[in-house]
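As the structure is a prediction and not an experimental result, all values here were calculated from the model.
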Amino acid sequence: MALLLHHAHAWDVTPAQAVALQRTLAPLVREEPLVQTPRTIAGVDMSVREDQVQAAVVVLSFPDLLLIEQAIWRGPVEFPYVPGLLSFREAPAVLRALEQLQVQPDVLMTDSQGRAHPRRFGLACHLGVLLDRPVWGVAKSKLTGVHAELPAEPGGQVPLYSGKEEIGAVLRTRVRTNPLYVSVGHRITLPEAVALTFACAKGYRLPEPTRQAHLLSKKQNEQSG
DNA sequence: GCGACAG
DNA sequence: ATCTTGTCGC
């Protein structure tokens, strides 16, 4: 299925040009309520091995979280890892994997930051703006921002700030594990993103969409050698 | 100038 | 992200 991309642009850019693109696209991010409770949620992740990337996407039913469909795309690494420019390394591969799906998911969960980014334009925002669809990020570590101590109990959450601006939320899905950093990518509110993340947590630190996409990309990665 | 730094 | 074995604890 061909993807309808809004605001498409070149990916073979220099880091400086990438930063300029982020500044141009960031104002297009819309933090607004979902139109409907999602019936399908996609999880996307990527693994790297010997200059090859494997982007994986899994589509789960919601709230059942049963696997509906999955897709993989493999290709060469085209952009280095630079903190703040992750989307220029991962988005191209993720888009290729997404276009292989038979049915597009209602919302997407990424293993990255959304607005909790130096220029408020993490991978979740980039994918959201290009696809003009609901996307949010669930990262395993913090890129930017400050927050109060997080309660030890699962289900706890505290706001993530950049100055007085609330850019995301830090939440605990499981006891004695590191927190997760949730932020809006596009066309979803922070409370909705947090609620969906908790709703997708099934006893593991990572929510199912992202967790299964990670397992798939890693498996695919291993089978390639 | 000194840290911090998604994956 | 990736390199890597066993091991402590619920």
Side-chain angles (χ1 to χ4, degrees), chain A residues 11 15-16 18-19 21-22 25-26 29 43-57 72-97 108-129 135-147 152-154 160-163 167-186 190 193-194 197 202-207 209-225:
Chain A
W11 292 105
V19 169
L21 275 168
Q22 293 182 320
L25 299 172
V29 169
V44 300
D45 191 36
M46 211 176 86
S47 65
V48 182
R49 178 187 178 184
E50 298 171 351
D51 296 314
Q52 290 279 301
V53 301
Q54 285 77 211
V57 52
I72 284 283
W73 184 82
R74 173 200 301 284
V77 171
E78 306 273 31
F79 198 90
Y81 169 68
V82 179
L85 300 181
L86 181 66
S87 64
F88 288 85
R89 179 180 175 79
E90 303 206 343
V94 169
L95 292 172
R96 305 303 257 296
L108 277 71
M109 174 192 289
T110 70
D111 185 1
S112 74
Q113 309 293 343
R115 293 193 1 157
H117 175 282
R119 290 170 290 283
R120 307 291 175 269
F121 202 69
L123 171 61
C125 296
H126 207 150
L127 287 174
V129 168
V135 183
W136 85 97
V138 180
K140 297 182 296 301
S141 62
K142 183 170 67 70
L143 174 60
T144 190
V146 296
H147 63 85
E153 310 75 45
L160 177 63
Y161 294 102
S162 176
I167 59 176
V170 186
L171 47 95
R172 181 99 59 197
T173 52
R174 179 179 176 148
V175 291
R176 273 153 288 152
T177 58
N178 294 322
L180 259 31
Y181 298 80
V182 173
S183 57
V184 169
H186 191 54
L190 182 58
V194 169
T197 301
K202 282 291 175 290
Y204 295 92
R205 176 167 82 119
L206 300 181
T210 289
R211 194 178 76 83
Q212 290 187 32
H214 185 269
L215 291 175
L216 178 59
S217 70
K218 239 187 66 176
K219 182 205 299 180
Q220 197 64 24
N221 184 327
E222 293 165 0
Q223 296 181 342
S224 72

Student: Enter the distance from A:Leu143:CG to A:Leu123:CG here, rounded to the nearest 0.5 Å.
Tutor: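 Nearest 0.5 Å value for the CG-CG distance: 11.5 Å.
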Student: Under 3.5 Å, side chain of A:Arg205 to main-chain N/O of A:Asn178, donor-acceptor pair present?
Tutor: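 The answer is yes, because a donor-acceptor pair under 3.5 Å joins these two groups.
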Student: Name the residue from A:Lys140, A:His214, A:Arg211 that meets the side chain to side chain donor-acceptor pair (under 3.5 Å) definition with A:Asp111.
Tutor: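 Among A:Lys140, A:His214, A:Arg211, the one that satisfies the side chain to side chain donor-acceptor pair (under 3.5 Å) with A:Asp111 is A:Lys140.
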Student: Going 5' to 3' through nucleotides 2-7 of chain B, assign each nucleotide B (protein heavy atom under 4.0 Å from a base atom), S (under 4.0 Å only from sugar-phosphate atoms) or - (no protein heavy atom that close).
Tutor: ---BBB
Student: What pairs of nitrogen or oxygen atoms, one from the protein and one from nucleotides 4-6 of chain C, lie under 3.5 Å apart?
Tutor:
none

Student: Which part of the nucleic acid, if any, lies within contact of A:His126, taking any heavy atom under 4.0 Å across all strands shown: a base, the sugar-phosphate backbone alone, or nothing?
Tutor: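 No contact at all - A:His126 keeps every heavy atom at 4.0 Å or more from the nucleic acid.
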Student: Tell me if a side-chain donor or acceptor on A:Gln22 pairs with a main-chain N or O of A:Gly84 at a distance below 3.5 Å.
Tutor: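 Pair found, side chain donor or acceptor close to backbone of A:Gly84.
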Student: Hey, are the side chains of A:Arg120 and A:Ser162 touching, using non-hydrogen atoms and a 4.5 Å cut-off?
Tutor: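 Of all side-chain heavy-atom pairs linking A:Ser162 with A:Arg120, at least one is under 4.5 Å.
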Student: Just so I know, are the side chains of A:Leu95 and A:Leu127 near enough to count as touching, which here means a heavy-atom distance under 4.5 Å?
Tutor: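 Contact flag for A:Leu95/A:Leu127 side chains = yes.
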Student: Would you name the heavy atoms of A:Ala91 and A:Trp11 that are closest together and state the gap between them?
Tutor: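 Here A:Ala91 and A:Trp11 meet closest at CB-CH2, 3.6 Å.
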Student: Which residues pass the side-chain contact (heavy atoms from CB on, under 4.5 Å) test with A:Ile72, not counting sequence neighbours?
Tutor: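 A:Ile72: side-chain contact (heavy atoms from CB on, under 4.5 Å) contacts with A:Ala56, A:Leu216, A:Gln220.
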Student: Taking atom CG of A:Asp45 and atom CD of A:Glu90, what is their separation to the nearest 0.5 Å?
Tutor: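 Interatomic distance, A:Asp45 CG to A:Glu90 CD, rounded to 0.5 Å: 7.0 Å.
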Student: Is there a side-chain contact between A:Val94 and A:Val57 in this structure, where contact means two heavy atoms from C-beta onward sitting under 4.5 Å apart?
Tutor: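 The answer is no; the side chains never approach within 4.5 Å.
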Student: Please list every stem that involves DNA chain C, where a stem is a run of 3 or more consecutive Watson-Crick or G-U wobble pairs with both pairing distances under 3.5 Å.
Tutor: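 Stems found: none.
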Student: Do the ring planes of A:His126 and A:Phe121 sit parallel (below 30°), tilted (30 to 60°) or perpendicular (above 60°)?
Tutor: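 Plane angle between 30° and 60°, so tilted.
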Student: Just by modelled atom types, is the A:Thr144 backbone N or O under 3.5 Å from a matching donor or acceptor in the A:His117 side chain?
Tutor: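 Here the side-chain-to-backbone pair does not exist.
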Student: Just one of A:Leu86, A:Leu85, A:Val53 clears the side chain to side chain contact (heavy atoms under 4.5 Å, CB included) bar with A:Phe79, so which one?
Tutor: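 Of A:Leu86, A:Leu85, A:Val53, side chain to side chain contact (heavy atoms under 4.5 Å, CB included) with A:Phe79 is met by A:Leu85 alone.
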Student: Give a yes-or-no answer on whether the side chains of A:Gln54 and A:Ser217 include a donor-acceptor pair shorter than 3.5 Å.
Tutor: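 Looking only at side-chain atoms, A:Ser217 and A:Gln54 do not form any donor-acceptor pair under 3.5 Å.
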Student: Stems in DNA chain B: runs of 3 or more consecutive Watson-Crick or G-U pairs, distances under 3.5 Å?
Tutor: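 As far as DNA chain B goes, consecutive pairing (with distances under 3.5 Å) yields no stem.
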Student: Quick test: give all pairs of protein nitrogen or oxygen and nucleotides 8-10 of chain C nitrogen or oxygen below 3.5 Å, distance rounded to 0.1 Å.
Tutor:
none

Student: Could you check whether any side-chain N or O of A:Gln113 sits under 3.5 Å from a backbone N or O of A:Ser141, counting only pairs where one atom can act as donor and the other as acceptor?
Tutor: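 Yes: the side chain of A:Gln113 pairs with the backbone of A:Ser141.
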